[in-house]
Amino acid sequence: MNTPEKDYTHHSWLAAAALIAVLVAVSFIPPQSVGSVKLRRANILSDLLPFDDAEAAEPAAEPALFDEEEFHIDMAAVAERIEADTTPREVQTTYEWLLAQDTARRERTVPDSARFVATLTPIEDFSDSGRIRAFCDTLLNAPRPVRIAFLGDSFVEGDILTADLRERLQTAYSGGGAGFAPMDSPLTAFRRTVKTQSKGWTAYNIMQRKAAPAPLRENFYVSGWVCQPAAGASTRWESTDYRKRLDSCTTARIFFLSKRDSRVEVTLNDTERRGFDITGDAAVRQIAVSAPHIHSLAFKVLSGTEDFVGYGAVFEGRGVVVDNYSVRSNNGQAMFWTNPSVNAQINAMLGYDLVVLQYGLNIMQPGVKNYTNYAGQIEKMIAYVRQCFPGAAVLVLGVSDRSVKTDTGFEPMDAIPHMLDYQRSAARNTGAAFWPTCDAMRALGGMEQFVKNGWAGKDYTHINYAGGRRVAWALFDAINAGASEVYTRQRIDELRRRAEQAVLDSVRRAAVDRRILPAPAPAPEPLNPHVQ
């Protein structure tokens, strides 16, 4: 017997109701992201149930990555303090010891456009006035020393990276010496580019500034160290052969404060010795020693140790000078704890042409994409540097490459491109220059390859001297490319001026010829053949 087919059409309303229920439920699912693709909310009830997805579309708020109070600085007060403390003083601030004054001028340099790394990572200059171009012009043409201050954290501690940047610049553009070395520091044994032996000093680091006596706490320099002497405290610096041209030093400058009368002694190359009587004053002092060759220099405080502050010495030759001012665990906030007038006074004696800011590595955290507040602090750092070092171009280094451990191994930290964007934006907003360190490292294989090559530590964060050399070469290539471009432009302008001058000179010569030379005799008239 045939069974009649069942009629299910009366159940269609159940299917429709189920579909509507599913779509309504989907409407309540917030916007999602799949990889880099952002999915919008599917809301079929938008007329009845409006949702405010604006907040969800905005990047997550920046977590508390640092203490913003540590970055507090009153720029107007900084300017007033610099103005008040750097006015001309009657007291002597510079003491000279000239064993043989170097009167030779630094020769104009023709840059070699050859690169040390295959891929060029160029400097991005956002200044309207072309400050980096002006620095490159100084690098090429200035007859005086060209000075670079490298402010950073543990990434460049011990002269990592800066030792090789200094070597390459001095080899290409002349110069010598290890740059700045502190009077005393627990980290001096770690640095290979200068040998430092200190006795009788108590050194205070700016990151532990609250442990320093109050008078010292107010007198930090951007080096991050202040040193208090006991009676007879001394420091001896000696050049090394760790990099080329470190022993090609002809001038050394010792910097200190002596608020009371004091007497100090300087010994050159362990043979020549001279004493200096210092009249007490709050001004920064320097003793400038010039000699055909400075291999070692010793400084000793004989009397007047009370309220005496030692900073260190700068070792230089005729050419490029690179001073490493690294401070471990510093995110840049430490510069706001320095004394701006001390910075400005030492800059008045040296005159920096470029200040490099290398910070941010300690701020990054996996999963964090918003660094708005930190970018604002970078802008304040740039403003502070320009107050203390007004003649210098500012170059912001983007964070270096860094890897984090995952279930599948080590992978690049996802926060890096976001931090780079905020650092680049800070440089753009302030008219500074920017160089993406991470891009240069990834052109060489990235942090994972650096570790495999033995160029970085197993923390996948810090490079070593071998890795610093590769990053330094990439940064040198970027600076050298800028200098080569400036040189080419100057050469074209020079050839154009010569061509224009040659044309002008030919016109002038023709005019002179017309005035001086006798007029040509008129041509004889032709004979008339009809005249007999």
Audit row: Gln333, Glu68, side chain to side chain contact (heavy atoms under 4.5 Å, CB included) steps and yes/no = CA-CA 9 Å; Gln333 77 274 31; Glu68 292 195 34; over 6 Å; no
Should Asp125 and Arg428 count as an ion pair when the cut-off is N to O under 4.0 Å?
-> no
Between Leu246 and Phe315, is any pair of side-chain heavy atoms under 4.5 Å apart?
-> no
So do Trp225 and Leu187 actually touch side chain to side chain, heavy atoms under 4.5 Å?
-> yes
Are Arg402 and Thr461 linked by a side-chain donor-acceptor pair shorter than 3.5 Å?
-> yes
How about Phe476 and Phe116: are their ring centroids closer than 6.0 Å?
-> yes
Taking side chain as C-beta onward, heavy atoms only, is Asn331 less than 4.5 Å from Glu70?
-> no
Ring centres under 6.0 angstrom apart (Phe220, Tyr204) = no
Does the distance from a Lys or Arg side-chain N to an Asp or Glu carboxylate O, for Glu167 and Arg245, drop under 4.0 Å?
-> no
Does CZ belonging to Arg328 count more than 12 external heavy atoms closer than 6.0 Å?
-> no
Carefully, step by step, assess Tyr465 and Tyr242 under the rule ring-ring contact (aromatic ring centres under 6.0 Å, His included).
-> CA-CA 11 Å; Tyr465 281 99; Tyr242 184 67; 5.5 Å; yes
Exactly one of Asp137, Asn141, Leu140 clears side chain to side chain contact (heavy atoms under 4.5 Å, CB included) with Tyr487, and that residue is Leu140
Going through the distances and angles, do Phe389 and Asn343 end up as a side chain to side chain contact (heavy atoms under 4.5 Å, CB included)?
-> CA-CA 8 Å; Phe389 310 97; Asn343 297 335; 4.2 Å; yes
Start with the C-alpha distance between Val314 and Val321, add both sets of side-chain angles, then the distance that settles side chain to side chain contact (heavy atoms under 4.5 Å, CB included), and finish with yes or no.
-> CA-CA 9 Å; Val314 173; Val321 186; 4.1 Å; yes
Determine, for Asp164 against Arg469, whether the closest basic-nitrogen to carboxylate-oxygen distance falls under 4.0 angstrom.
-> yes
Taking the side chain as every heavy atom from C-beta outward, state whether Gln228 and Pro213 have any atom pair closer than 4.5 Å.
-> yes
Assess whether ring-ring contact (aromatic ring centres under 6.0 Å, His included) is satisfied between Tyr374 and Phe66, documenting all intermediate values.
-> CA-CA 8 Å; Tyr374 188 62; Phe66 57 91; 5.7 Å; yes
Hey, does Met75 have a side-chain heavy atom less than 4.5 Å from the side chain of Glu80?
-> no
Going from OG1 on Thr171 to CG on Leu169, what distance comes out if it is rounded to the nearest 0.5 angstrom?
-> 9.0 Å
Minimum heavy-atom separation for Ile160 to Asn464, with atom names?
-> CG2-O, 3.6 Å
Between Asp323 and Arg147, is there a side-chain N and carboxylate O pair less than 4.0 Å apart?
-> no
Might you point out which heavy atoms bring Val222 and Tyr325 nearest each other, and give the distance in Å?
-> O-CB, 3.7 Å
Check side-chain hydrogen bond (donor to acceptor under 3.5 Å, both in side chains) between Ser403 and all other residues, then give those that pass, not counting sequence neighbours.
-> none
Flag, side chain of Asp153 to backbone of Asn362, donor-acceptor distance under 3.5 Å = no
Of all the heavy-atom pairs spanning Tyr371 and Ala415, show the shortest one and how long it is.
-> OH-CB, 3.3 Å
Salt bridge check: are Glu157 and Arg191 linked by an N-O gap of less than 4.0 Å?
-> no
Atom pair OH (Tyr221) and CD (Gln345), whose distance is rounded to the nearest 0.5 Å | 11.5 Å
Do the side-chain N and O atoms of Asp401 and Tyr460 include a donor-acceptor pair separated by under 3.5 angstrom?
-> no
Qualifying residue, where the test is side chain to side chain contact (heavy atoms under 4.5 Å, CB included) with Arg442 and the options are Thr121, Ile416, Thr119, Thr437 | Ile416
Is the side chain of Glu316 donor-acceptor paired with the backbone N or O of Gly177 at a distance under 3.5 Å, no angle test?
-> no
Can you name the ring pair (Phe, Tyr, Trp, His ring centres under 6.0 Å) partners of Phe336, sequence neighbours left out?
-> Tyr384
Does Arg424 reach the side chain of Glu124, with side-chain heavy atoms less than 4.5 Å apart?
-> yes
Given side chain to side chain contact (heavy atoms under 4.5 Å, CB included), test Trp237 with Thr235 step by step and report yes or no.
-> CA-CA 7 Å; Trp237 300 278; Thr235 301; 3.4 Å; yes
Is the backbone N or O of Ala134 less than 3.5 Å from a side-chain atom of Thr138, with the two atoms forming a donor-acceptor pair by type?
-> yes
Stepwise salt bridge (charged side-chain N to carboxylate O under 4.0 Å, His left out) check, Lys369 with Asp421 = CA-CA 10 Å; Lys369 301 178 180 180; Asp421 286 344; over 6 Å; no
Which distance, rounded to the nearest 0.5 Å, do you find between the CD of Gln449 and the CH2 of Trp455?
-> 7.0 Å
Minimum heavy-atom separation for Thr109 to Leu139, with atom names?
-> OG1-O, 4.5 Å
With under 30° as parallel and over 60° as perpendicular, where do the rings of Trp201 and Phe308 fit, or are they tilted in between?
-> tilted
Enter the distance from Leu361:CG to Ser154:OG here, rounded to the nearest 0.5 Å.
-> 7.0 Å
Indicate yes or no: does Arg166 engage Asp159 in a salt bridge with an N to O separation below 4.0 Å.
-> yes
Using side chain to side chain contact (heavy atoms under 4.5 Å, CB included) as the criterion, point out the one residue from His462, Met441, Gln358 that pairs with Ser400.
-> Met441
With side chains defined as the heavy atoms from C-beta onward, is the minimum distance between Cys388 and Ile82 less than 4.5 Å?
-> yes
For the residue pair Lys380 and Ile73, what are the closest heavy atoms and their distance?
-> CE-CG2, 3.6 Å
What about Tyr311 and Phe256, are their ring centers closer than 6.0 Å?
-> no
Pairs flagged by side-chain hydrogen bond (donor to acceptor under 3.5 Å, both in side chains) wherever residues 407-418 is involved - sequence neighbours left out | Thr406-Thr408, Thr408-Glu411
In this structure, CG of Asn219 is separated from CG of Asn339 (nearest 0.5 Å) by 5.5 Å
More than 12 foreign heavy atoms under 6.0 Å from CG of Asp459: is that the case here?
-> yes
Would you find a donor on one side and an acceptor on the other, under 3.5 Å apart, between the side chain of Arg217 and the backbone of Ala212?
-> yes
Could you pull out the closest heavy-atom pair between Ile479 and Ile123, with the gap in Å?
-> CG1-CD1, 3.9 Å
Less than 4.5 Å apart, any side-chain heavy atom of Val342 and any of Thr338?
-> no
Roughly how far, to the nearest 0.5 Å, is the CG atom of Leu151 from the CE atom of Met335?
-> 5.5 Å
Gln377 side chain to Asn373 side chain, donor-acceptor N/O pair below 3.5 angstrom | no
